[in-house]
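Report on the following structure.
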Amino acid sequence: MASNGALDARDRAATLGQLATERFDVLVIGGGVTGAGTALDAASRGLRVALVEARDLASGTSSRSSKLIHGGLRYLEQFDFKLVYEALRERDLLVSKLAPHLVKPVSFLYPLYKKVVERPYVGAGLVLYDSMEGTRRPVPRHRHLSARGALKRAPALSPDRLAGAMLYYDAQVDDARHTLTVARTAAAHRAVIGTRLSAVGLLRSADGERVTGARVRDEETGRVLEVSADAVVICAGVWTDLMHELAGVQAGYKVRMSKGVHIVVPRAAVDADTGMILRTEKSVLFFIPWGEFWIVGTTDTDFDGDRAEPVASEEDIEYILAAANRVLARPLTRADVVAVYAGLRPLVDAAAGNGGKPTTKLSREHVVDVPVPGLASIAGGKFTTYRLMARDVVDAAVADFDREVPGSVTDQVPLLGADGLAAVQPAAGRLAEDYGVSRAVVEHLLGRYGTLATEVLEKIRSDAALARPLAPGHPYLRAEVAYAVTHEDALHLEDVLVRRTRLFIESADSGVSAAADVAAIMGRLLGWNRRRRAAETRRYLDLVQAERATPAVNSVPVPGLALAAAR
Ligand SMILES: Cc1cc2nc3c(=O)[nH]c(=O)nc-3n(C[C@H](O)[C@H](O)[C@H](O)COP(=O)(O)OP(=O)(O)OC[C@H]3O[C@@H](n4cnc5c(N)ncnc54)[C@H](O)[C@@H]3O)c2cc1C
């Protein structure tokens with residue numbers, strides 16, 4: 001709401017008031033990366049923008065991806081050159097200019113097992129991949145490694161049959177944090193962002209010809225309000241077909257849901273100083289470095305279950321372990337698995353009919369449609385290309401406006417926290433002294449908030465207790481919980497433990513032992529009494545228990561669950 005982009009959860013009533021009373025140029029439905037990007041694109045063109053998200057920002061697919069900002073090496077094999085080219089350009093723009101604090105280069109080792117044919121084939125692909133980059137080259141070129149060289153970088157690999165490797169570079173991101181930062185940057189351009197607000201109907205002009213806004217239900221209270229806008233843009237990911245139904249329109253495409261599962265294992269379980277990518281029968285398997293962990297995945301299977309909480313199956317986990325163990329000297333076992341998460345790819349099944357095509361073969365390009373005046377929708381694409389998706393759907397949404405709307409400028413709009421980063425990074429030591437914290441703490445905050453780290457540090461200045469870690473063995477501070485409420489629109493424990501921090505997937509107890517402390521910090525700011533704090537804690541434990549009830553994660557112990565439930 002404020003022009004510094006702070007999304008203060010304590011201002012929720014004022015946000016709802018604005019949504020109900022103002023008239024907007026563009027109303028965006030959905031707060032994943034596509035919706036947040038669309039809000040930023042439109043707001044930075046000078047339009048008055050509102051965004052409503054049914055749950056929390058990034059609570060859908062945009063917190064459950066492989067967290068790679070990449071061209072997608074495997075799409076070259078499908079001759080999807082345009083997609084790879086565009087994605088690599090976006091990757092470079094994000095790493096070098098738009099979000100260097102969030103999007104960071106990462107290397108991948110591609111082990112080779114067939115002596116003669118594989119190296120020239122993969123090598124040619126990587127030459128093409130590298131040549132599609134822009135001229136600024138913010139990530140290094142690929143390199144050839146011998147089998148010995150490969151084992152030096154990744155001693156975890158079994159030397160059996162290993163013929164050598166390629167080393168190439170892409171980039172990675174905390175997807176939920178990035179999405180949140182895009183939404184905050186939109187707010188800095190005066191977009192009004194409201195969460196736990198579900199679009200439950202669309203408004204039409206008196207003659208029924210044009211969509212003029214949406215009826216929105218406040219999921220916190222059940223109250224329904226009307227948001228008026230000249231154009232509504234549906235960015236609802238795997239909920240897109242449902243939104244089209246709700247609008248009573250026939251769109252030119254359908255969305256096919258493809259489930260992707262990842263497991264999280266400790267860094268020590270796989271001895272390697274680089275990420276890895278392996279070929280599998282159907283697709284590829286990544287080992288992605290993630291702080292003290294590896295994220296290993298993913299799967300790609302058709303899905304028709306509950307969109308809100310997709311869960312992994314036993315087969316998913318077994319598939320990932322088996323694929324990983326094909327190349328590892330010490331096999332991964334279920335005991336290594338700290339967490340499991342599943343996400344749904346919103347793949348476009350063009351009306352032309354991709355019917356029986358396996359989801360691995362469906363293009364990751366996006367589709368924009370304007371099924372009725374005043375309503376545009378977008379689906380497909382990739383996290384990496386969200387900015388282009390946003391540009392295209394805003395262009396479509398404003399095409400029939402009776403006033404001139406400028407073109408997209410988001411290639412020139414760094415996300416909040418990026419501006420001035422180069423000057424702040426070298427000053428980490430001085431900041432640590434100024435705020436009385438360790439250099440490691442400052443570096444942790446810079447890596448998550450960029451130059452906004454000083455806003456988190458200010459919390460510590462005014463309350464030294466907030467400098468304490470949130471959970472033993474994890475880098476997050478209590479100050480980050482307070483900041484999540486006052487600047488990042490966190491309304492419930494889940495928002496903090498699953499998405500603002502990633503304790504849900506990074507701790508063996510899914511963040512359960514930190515839940516009561518998070519409730520206390522949030523409760524102080526949001527005015528929760530004892531009963532409400534207990535109810536909020538219970539709500540989080542229920543979420544963890546539901547997740548644990550699935551067969552795939554049942555065998556993973558949750559040491560703190562009973563203890564915290566008893567508090
Ligand atoms: C396993 C997996 C791995 C992936 N890995 C990568 C990767 O490494 N790199 C990459 O580039 N891409 C990757 N992707 C793709 C990428 O994650 C998605 O393309 C992207 O996150 C989709 O974002 P979205 O905003 O379109 O959808 P979502 O993030 O799902 O957002 C849609 C939002 O709409 C909201 N919504 C729905 N209905 C309503 C309503 N009625 N009212 C209000 N809000 C509503 C939902 O709550 C949701 O938050 C991956 C995807 C998966 C599943």
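Numbers for residues simply follow the sequence, beginning at 1. A quick note: this is a predicted structure, and the numbers were derived from the prediction, not measured. In each ligand, atom 1 is the first atom listed, and ligand 1 is the first ligand listed.
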List the closest protein heavy-atom neighbour of atom 51 (C) of ligand 1: residue, atom name, distance to the nearest 0.1 Å. Arg345 CG, 3.6 Å
Contact check: Val33 vs ligand 1, nitrogen or oxygen atoms, below 3.5 angstrom: yes
Give the numbers and elements of all ligand 1 atoms closer than 4.0 Å to a heavy atom of Leu344. 53 (C)
Check each atom of ligand 1 against the heavy atoms of His70 and keep those under 4.0 Å away; list them by number with element. 7 (C), 8 (O), 9 (N)
At less than 4.0 angstrom from any non-hydrogen atom of Gly237, what atoms of ligand 1 do you find? 26 (O), 27 (O), 32 (C)
Atoms of ligand 1 close to Val52 [distance to a heavy atom under 4.0 angstrom, numbered from 1]: 43 (C), 44 (N)
Within the structure, is a non-hydrogen atom of Leu197 found at a distance of less than 4.0 Å from ligand 1? yes
Look only at interatomic distance and state if Thr298 has a nitrogen or oxygen under 3.5 Å from any nitrogen or oxygen of ligand 1. no
Distance-only polar pair, side chains of Glu90 and His70, donor-acceptor under 3.5 Å: no
Hey, is Asp170 close enough to Arg91 for a salt bridge, meaning N to O under 4.0 Å? yes
Of all the atoms in ligand 1, which lie at a distance below 4.0 Å from a heavy atom belonging to Ile29? 40 (C), 42 (N), 43 (C)
Is there a donor-acceptor contact under 3.5 Å linking the side chains of His262 and Ser66? yes
For atom 48 (C) of ligand 1, grab the closest protein heavy atom and report residue, atom and distance to one decimal in Å. Glu53 OE1, 3.4 Å
Would you mind running through ligand 1 and noting each atom that sits below 4.0 Å from a heavy atom of Trp239? 30 (O), 37 (C), 38 (N), 46 (C), 48 (C)
Give the residue, atom name and distance (to 0.1 Å) of the protein heavy atom nearest atom 28 (P) of ligand 1. Thr61 N, 3.7 Å
Among all protein heavy atoms, pick out the one at the shortest distance from atom 39 (C) of ligand 1; state its residue, atom name and that distance to 0.1 Å. Ala54 CB, 4.1 Å
Atoms of ligand 1 close to Arg64 [distance to a heavy atom under 4.0 angstrom, numbered from 1]: 1 (C), 2 (C)
Closest non-hydrogen protein atom to atom 29 (O) of ligand 1, residue and atom name please, with distance? Ser62 OG, 2.5 Å
How about Ser198 and Glu219: does a side-chain donor come under 3.5 Å of a side-chain acceptor? yes
the protein heavy atom lying closest to atom 3 (C) of ligand 1 turns out to be Ser66 N, 3.3 Å
Check each of Gly30, Cys235, Gly35 against atom 32 (C) of ligand 1 and report the one with the nearest heavy atom. Cys235
Measuring from the heavy atoms of His262, does anything fall under 4.0 Å of ligand 1? yes
Pairing donors with acceptors under 3.5 angstrom, does anything connect the side chains of Ser377 and His244? yes
Does the side chain of Thr195 pick up a donor-acceptor pair with the side chain of Asp489 at under 3.5 Å? yes
Do the charged groups of Glu318 and Arg334 touch, with an N to O distance under 4.0 Å? yes
Within the structure, does Leu68 bring an N/O atom to less than 3.5 angstrom of an N/O atom in ligand 1? yes
Looking at Leu94 and Thr384, what are the two nearest heavy atoms and their distance? CD1-O, 4.3 Å
Using a distance-only test with no angle check, is there a side-chain donor-acceptor pair under 3.5 angstrom linking Trp290 and Glu506? yes
Using a strict cut-off of less than 4.0 Å between a Lys/Arg side-chain nitrogen and an Asp/Glu carboxylate oxygen, indicate whether Lys67 and Asp175 qualify as a salt bridge. yes
Check ligand 1 against Gly381 and write out every atom of the ligand that is under 4.0 Å from a heavy-atom position of the residue. 19 (O)
Considering only the protein, which heavy-atom contact is closest to atom 41 (N) of ligand 1, and what is its distance? Ala199 O, 3.1 Å
Using a 3.5 Å cut-off on N or O atoms only, is Ile69 in polar contact with ligand 1? no
To check your reading of the model: name the closest protein heavy atom to atom 25 (O) of ligand 1, its residue, and the distance in Å. Thr34 N, 3.0 Å
Sub-4.0 Å heavy-atom approach of Val238 to ligand 1: no
Run the salt-bridge test on Arg55 and Glu309 with the 4.0 Å N-O cut-off and return the result as yes or no. yes
NZ/NE/NH1/NH2 to OD/OE distance under 4.0 Å, Arg499 and Glu494: yes
Working to the nearest 0.5 angstrom, can you tell me the gap between Phe108 CZ and Tyr168 OH? 5.5 Å
Have Asp316 and Ser313 got a donor and an acceptor in their side chains that come within less than 3.5 Å? yes
